[in-house]
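Numbered from 1 within each chain, the chains take letters A, B, ... in sequence-line order. Keep in mind the model is a prediction, meaning the values are calculated, not measured. Just so it is clear, the values below take in all heavy atoms, side chains as well, and ignore hydrogens, waters and symmetry mates.
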Amino acid sequence: MDIRKIELEVNKELLESSVSNIDYERKKFFIAPAFPYPNSPQHIGHGRTYTTTDIYARFMRLKGYNVLFPMAFHVTGTPIIAMASRLKEKDKELIEIFTKIYGIPEEKLEELSDPEKLVMYFSREIEQGMKEMGYSIDWTRKFYSFDKHFNKFIEWHFKKLYDKGYLVKGEHPVPWCSKCNNALGAHDTKGDKDPEIEQVSVLFFKIKSKDMFLGVVTYRPETIFGVTNIWVVENSDYQIIKLQGKKVIVSKESLQNIGMQYEYEPYGSITGKELLEYTVINPIDNTEVPLLPATFIDLSFGTGIVMSVPAHAPYDYLALRDLGFPKGIKLKVIINIEGFEVPAKEVCEKLNVKDQKDQKAEDATKEVYRLELLKGKMRVSDNKFDGLPVEMARQRVKEHLSKSKDHINLYIIANHPVYCRCNNLAGVKLVKDQWFIDYGNKSWKEETKKCLSMMKILPEESRKIYLDTIEWLEKKACTREKGLGTRFPFDRNKMIEALSDSTIYMAFYTISDKITRYKPEQLTEEFFDYIFYGKGKPVDNLHDELRKSFEYWYPLDSRHSGYDLVRNHLPFFIFNHVAVFPQKHWPKQIVTNGFVLMEGKKMSKSLGNILPLRKAISKYSADVVRFAIVNGADLDSDTDFNEKSIDGIKSRMEYFNYLIDNISKKEVTISGSLVDKWLLNRVNRMIKSVKELYEDVEIRKISQLLFYDFYNSLKWYEVRKDGKIDTHELKLALQSFVILMYPFMPHVCYHWSKKLYCIKSLKEFENIGLPSHDEKLISEKFDKLEELLIGIDNDINEILSLLKLQKVKEIKLIVSANWKRKLISLFKEHRDLNNVIKSAKSMPDLKTRLNEVSKLGKKIIQNIDWYPDYEISQEDEISIIKDGINYLAKKYSVDKSSILIEIEESSKELKAANAMPLKPAIIIK
RNA sequence: GCAGGGGUGGCGGAGCCUGGUCAAACGCGUUGGACUUAAGAUCCAAUCCCAAAGGGGUUCGAGGGUUCAAAUCCCUCCCCCUGCACCA
C-alpha cells in the first residue's frame, strides 16, 4: 500500500468540510488550538497539539456537530524582529539553522530579513504543512495579530480591562541593553541566555574622616556583623558619584547598571591603590574596617566592591587564608548553626577545598548559604538582632540600615554575565510608567476561579496547576517599548506585549472572515460593543450578521495547547474571558498535551535534531505522522518519535489494508460460529469504549484499543477461522473500525471507507456517522470461552516443551465436573473457606467431597475474581473446544479425530482430577 | 528557596485514585525457529530465577506499617525532573 499516494489522492476532498457557517439545525462545536508563532517552520512537535485538535474536531463532526476549527498567526512581540535583523546581519549560526535544518534556499534569506516577509514566508509554510496533514481547518478566518482589524479588536479588549480598573501603572525591573535602549528577552541575547533578575543590597560604609562612602554589594546584608575587611582591586579605577545625597565610590564597570535604576551625578574618580590607604566605618556597629586588595572580584557585579565575611563565606575565608590573615584579621562568627564553630572554614575543610580557584569553592559557598539560611541563628551583641533566624535578620538589617540611609536595593542580572547581541553587557532597568494587568485583583481572581471550577480540564490532574497559577498571579507587565502587534491605547508609544494580546482572540475568529469588509477606522468601541454585548444598534446588516455569528459560535467549547502554556497563557485566557464576557460566554474546556521527543531526546536547534513537519510528511506520510505523534503517550506526558515505532505503525496499516482489500472484493456470508460471536462481542465492546474515550480525549487509550487490541483480535480471528474470513461479521468489524479510526488517519480511513461502504464523497462519509454498539452482542462469556481455548493452547505448548515431545499422537481434553462449578459459585458468594465448607455440608454432591473442597479452596480463592459471575456449563466448554478443534489440530499437526473430549465424571484418566472449570485437564500422548 | 510531578522488567511505557484476575497491558530490543539463494519484511516460540506434565521462588527506589491479601493504602528516608513571570 502506498500511503502517500492515497493521501495525495484524497487530501483535497478531506479539507472540504472545513469551512463553517451558522447552521441553527445542528449543535455547534467551537474548537481552537493555540495559534502558531511563524518565526520558523513547524516541526513534528507542533503537530501534536494540532493533530489532537483535528482528531477531536473530526470526531465531533462524525457525531453530527457543526464544528468551527479556525487558525490564525501570532506575530506579536520581538522574536520575529530579532530574527529578521539577525538575518540582515548575516548571523552565521542562524543561517546555518535556516539552510541546514529548515532547508530554506539561500537566495531566499535576503528577502526574509524583512520581518513582514519573514512572517508571510513561514506562515505560508505552516499553513501548507497543516493542509498536508489533513487538518480540517477553516482557513477563511485566517488573520495575523498585527492586522489593523485585529488591532482594533485588541484596543477594545484593553478598554474593557481599563474600565474595570484592571489596568494599573507602576515601575518594574526589566533586563535591559542600554546601548540598544531595549528590553532583553532570551532571543535578544548572545547564546539565547534568558536573563534573570535578582535583588541585592548595597551598603554604604563611610570612609573614616572623609565625606565619602564605599558602595558595598551583598546578597546577605545580615552578615554585615561579621565583616572583617572590604575587598577592592588595587590597579583599577573607581568612580565617585553623587547618589541619594551621598558621595559614593563604585567601580567604573558597575555604573551602567546603577544608572538604569538610580539618578546619579559623576563627581570624580579614585584609584584602587588610593582606596587601600583608607579605613571605613561599619554602619551597623561603627567599628573600623580595613580595605584589602583582591584579585578575584568581578568589577561589573553590583557595585564592584564587596565585603569580606570569612567566617561565613568560603571565598572570603580562602582569600584571607591565602594572604595569611594580614593586619591581624580575626574571624568573626555571627551566625550559629548546630554542629559548626566556623561554618565557612569547616565546610571548606570537609569538602577539601584547596584555594579560591578550586571548583569546589563554589559548592562550599552553596552549602554554607543553604545551611545558614535553613538553620542559622544570629549571634551578635546587638540584642535587636541576636537570636533571630537568618532570613528574618536579613529583613531587619535592611530596614534598619535603610532608615539610616545606609542601604539601598539594587537589581542585577542573576545569571551574570549576559550579553546583548550587540555585545553590550545586559543590566537591569527600572522602567517607570510601566502598565500592568492586575491579575492580583481579588474579586477578579475569585470570578476566574469560579470559571475554572465550571470548566472541564483535560487531563484533570493539571487542574491544580491552573488553580495555583491563578492564585499566585499578581501584576503582569503588559506593555513593551518595541515589537510587532497592537499599540497600547493609553500610551501609544508602547506596544501591547505578546501574552496579553492573545487571551480572547478566539472571539475574533467568529467574525474574522467578514469584518475585513469594514475599514479599520469604522471599528470603534461601540461597533464591537454591539457585536459582543448586543449594546446599541447595528450600523448595517453585515454588522448584525457578525453579532449573530458571535452569538452562535461562542462560547469556546474546547481550547487546545501544549502543557507549557498551563502556567501562563491559559490562566490569562480564563482571566480575560471572565473580565470581558458575560458568564454564558466563558470557555468550557481546556485540553493540554505533552511534547514530542526525537529518538528519546528533546528536539533542539543545538542538537540539530528538529524534524520539520513537512519533511516528516513526505518521508513517512501524513497519517503515519499523525498517528505517531499522538499514540505513544498519555495526553500529559511526552511522547517519543522513532523509526522503529513508525515501522510498526506501517506494518499494522498494511495488515488492515490486506483485510479490507480482501473483504471488499468478496461476497460475504454470515458465519455465526462461536469465534464470530466473539468477534462481534469484541467489536461492540470496542465501539462502546472508544466512543466514551473520545469524549475525554483519551487519545492514547483509543489508539491502543483500535490499533493494537483490535488488531490482535483480528489476528486471532484469522487463525481461528483458519483463513476463512470472508464473513459478514468481519466486514461489520472493519466497517466500524474504519470510522472510529478515521479521526486519527483520515486519509487512509476515508480511502478504506470508499471500499467498505461504497461511498463517493466526504459528505456521504460523514453522513454514515458513528457506529453504534449493540449491548446484546456484548457478553463476557464469549471472552471467557475464547480465553479457555487460548489457555488450552498455552498449556499444551507448555507441556510439550516440558516433555520435549517432537510429535503429538493424541490430545485428550477433560472438561471439569459439575460439582466444581457449584463450588466456584459458593466461593463467589462467600469468599471465605469456612463458610463455603459450612454450606457444602448441606449439599448432596459436595458433602461427600469435603476433603477435595478444602484442597481446591485455596486455589479457587486466589483466582476468584477471574471466574465470571455466572456459571459456564460443561456444554459451553465442549462447544468451544469443538469450535476450536480445527485450530488445535492444525497447530499441533494432529488429525481432528485424535483430539478427544471427555467429561471428568465419566473419565477413567487419573489426571482428570486436574480439570477445573474453564481449564480442562489435558493429556498428551 | 518556594511550588508541583515522579522513581515499575534489557529499554520505552501502562497499572496505581477504586488493594486480590499482576511476573505486571501494549510496544521495542534480544534469542531460537519457519520462509528466503541471501538480507530485509513477515510469521511462530522464548525472554526475572529454579523446576521439567500445566509447578515453585523472588520482584515494581530503600526501610517500616495496615490487611487474610500491597506495585497499588499509611509513615520515614534516598534520588530525579519541571516551573518561578513580563518571555513567545
Would you mind classifying the nucleic acid contact of [X] as base, sugar-phosphate or nothing, using non-hydrogen atoms under 4.0 angstrom?
X: A/Pro38; result: nothing
X: A/Thr76; result: sugar-phosphate
X: A/Phe35; result: nothing
X: A/His172; result: base
X: A/Ala921; result: base
X: A/Lys715; result: sugar-phosphate
X: A/Asp468; result: sugar-phosphate
X: A/Lys701; result: nothing
X: A/Asp634; result: sugar-phosphate

Distance check: side-chain N/O of [X] vs OP1/OP2 of [N], anything under 4.0 Å?
X: A/Ser637; N: B/A14; result: yes
X: A/Ser500; N: B/C86; result: no
X: A/Arg567; N: B/U82; result: no
X: A/Lys644; N: B/G29; result: yes

Aromatic ring pairing A/Tyr708/A/Phe627, orientation class (parallel under 30°, perpendicular over 60°, tilted between): tilted

Should the pair A/Tyr655 and A/Tyr711 be assigned to parallel (<30°), tilted (30 to 60°) or perpendicular (>60°) ring geometry? perpendicular

B/A85 P sits how many Å from A/Tyr411 OH, rounded? 12 Å

Between P on B/G13 and CG on A/Asp709, what's the gap in Å once rounded to a whole number?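 Taking atom P of B/G13 as the reference, CG of A/Asp709 is at 20 Å.
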
Can you tell me, in whole Å, how much space there is between the [atom1] of [N] and that of [M]?
N: B/A62; M: B/C11; atom1: P; result: 14 Å
N: B/G15; M: B/U21; atom1: C1'; result: 14 Å
N: B/G57; M: B/G61; atom1: P; result: 22 Å
N: B/C78; M: B/A14; atom1: C1'; result: 26 Å
N: B/A69; M: B/G64; atom1: P; result: 16 Å
N: B/G19; M: B/G12; atom1: P; result: 29 Å

Any side-chain heavy-atom pair of A/His43 and A/Val596 under 4.5 Å: no

Return the nearest nucleotide to the side chain of [X]; candidates are [options].
X: A/Tyr708; options: B/G54, B/A88, B/C26; result: B/C26
X: A/Pro79; options: B/A88, B/G54, B/G5; result: B/A88
X: A/Lys919; options: B/A88, B/A14, B/G54; result: B/G54
X: A/Glu474; options: B/A88, B/A53, B/A85; result: B/A85
X: A/Lys476; options: B/A88, B/A85, B/C43; result: B/A85

Determine whether the side chains of A/Tyr658 and A/Glu718 contain a donor N or O and an acceptor N or O closer than 3.5 Å.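 There is such a pair (donor and acceptor under 3.5 Å, judged by atom type) between the side chains of A/Tyr658 and A/Glu718.
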
State, without any angle test, whether A/Asn593 and A/His560 hold a side-chain donor-acceptor pair at a distance under 3.5 Å.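 Judged by distance alone, the side chains do not pair up.
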
How far apart are the C-alpha atoms of A/Thr592 and A/Ser561, what are their side-chain angles, what is the distance that settles it, and do they pass the side-chain hydrogen bond (donor to acceptor under 3.5 Å, both in side chains) test? CA-CA 5 Å; A/Thr592 51; A/Ser561 89; over 6 Å; no

